[in-house]
Amino acid sequence: DDKIVGRVAGIHNRKYIEKVGKNTYSALDIKIPSPKTEIGSFCSIGSNVQLGHGSHPLSFLSTSSYFYLDEIKWKNPESPSHEEFWELEPVKIGNDVWIGDNVFVKNGITISDGAVIGANAVVTKDVPPYAIAAGNPAKIIRYRFDEKTINRLLKLKWWELDDEILKTVPYDNIEKALEYLENIKKWKLQNRQ
């Protein structure tokens, strides 16, 4: 499938993946039940991870899917229309995201670029860029970098560069890497004109 370019192996329900970015990989046993799920580039996904799962309406008479899933054909088609309820919503995983083993990500959640999700976390809320979140429910422990560095990284979108350029980056020193990438971006802009 040309929409899937990463090495996301062993995914159950691969048909639900909208796209996977370049150089992304996973363990053999991740599960993705939420349709149109997107995973960015340079992501690392651990073992026994589940991205999304069905929700149930808390304000209806019952939380049972018999009351809202038309596919079950249990409801009376003559009954008045009911409030629309979406059982499955896509999960969005940004670029450069690391998700540890045994993580559950709730339906409809976005994990932003550069975030890290600790092992055994239950993610029930969106995770901002470059945050490190862990626990049940997952809470932000800290950020990978200071706000100025995060803004520079988000502006650069380094994951969109060619792999051959990325292989030359001094990646083990964030300040040198940022300067290097900013110079490449500046050079590219000057040579386009």
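The structure presented is a predicted model; accordingly, all values stated were derived computationally and were not measured. Numbers here simply count residues along the sequence, with the first being 1.
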Check: Val91 and Ile32 side chains under 4.5 Å, non-hydrogen atoms |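 Ile32 vs Val91: side chains apart.
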
Can you check whether Ile174 reaches Leu153 side chain to side chain, under 4.5 Å on heavy atoms?
->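 Yes, side chains in contact.
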
Linking I/L/V/M/F/W/Y whenever any side-chain heavy atoms sit under 4.5 Å apart, do [X] and [Y] land together?
| X | Y | result |
| --- | --- | --- |
| Val105 | Val122 | no |
| Val127 | Ile141 | no |
| Tyr130 | Ile111 | no |
| Ile150 | Ile140 | yes |
| Ile30 | Ile109 | yes |

Nearest heavy atoms of Ser112 and Pro128, plus distance in Å =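 It is CB-C, 3.6 Å.
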
Compare every heavy atom of Gly52 with every heavy atom of Pro33, then report the nearest pair and how far apart it is.
->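 For Pro33 and Gly52, the tightest heavy-atom pair comes out as CG-O, 3.0 Å.
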
Hey, could you give me the [atom1]/[atom2] distance between [X] and [Y], rounded to the nearest 0.5 Å?
| X | Y | atom1 | atom2 | value |
| --- | --- | --- | --- | --- |
| Phe42 | Asp113 | CZ | CG | 12.5 Å |
| Ile93 | Ile117 | CD1 | CD1 | 7.5 Å |
| Lys92 | Ile39 | NZ | CD1 | 11.0 Å |
| Glu160 | Leu166 | CD | CG | 10.5 Å |
| Lys139 | Lys125 | NZ | NZ | 6.5 Å |
| Ile45 | Tyr25 | CD1 | OH | 9.5 Å |

When you measure from the side chain of [X] to the backbone of [Y], do you find a donor-acceptor pair of N or O atoms at a distance under 3.5 Å?
| X | Y | result |
| --- | --- | --- |
| Asn95 | Ser41 | yes |
| Thr24 | Cys43 | yes |
| Asp101 | Ser47 | yes |
| Asp162 | Glu164 | no |
| Asp126 | Thr110 | yes |

What's the verdict on side chain to side chain contact (heavy atoms under 4.5 Å, CB included) for Trp158 and Val169, showing C-alpha distance, side-chain angles and the deciding distance?
-> CA-CA 10 Å; Trp158 62 263; Val169 176; over 6 Å; no

Show which side-chain atoms of residues 178-187 pair as donor or acceptor with protein atoms under 3.5 Å away, not counting sequence neighbours.
| residue | atom | partner | partner atom | Å |
| --- | --- | --- | --- | --- |
| Tyr180 | OH | Thr168 | OG1 | 2.6 |
| Glu182 | OE1 | Arg152 | NH2 | 2.9 |
| Glu182 | OE2 | Arg152 | NE | 2.9 |
| Asn183 | ND2 | Glu179 | O | 3.2 |
| Lys185 | NZ | Lys155 | O | 2.9 |

Taking side-chain contact (heavy atoms from CB on, under 4.5 Å) as the test, write out the residues that go with Asn48, two or more places apart.
->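 Asn48: side-chain contact (heavy atoms from CB on, under 4.5 Å) contacts with Asp29, Lys31, Asn102.
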
For Asn173, enumerate each residue passing the side-chain contact (heavy atoms from CB on, under 4.5 Å) test, keeping only those at least two apart in sequence or located in another chain.
->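 Here the qualifying residues are Glu175, Lys176.
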
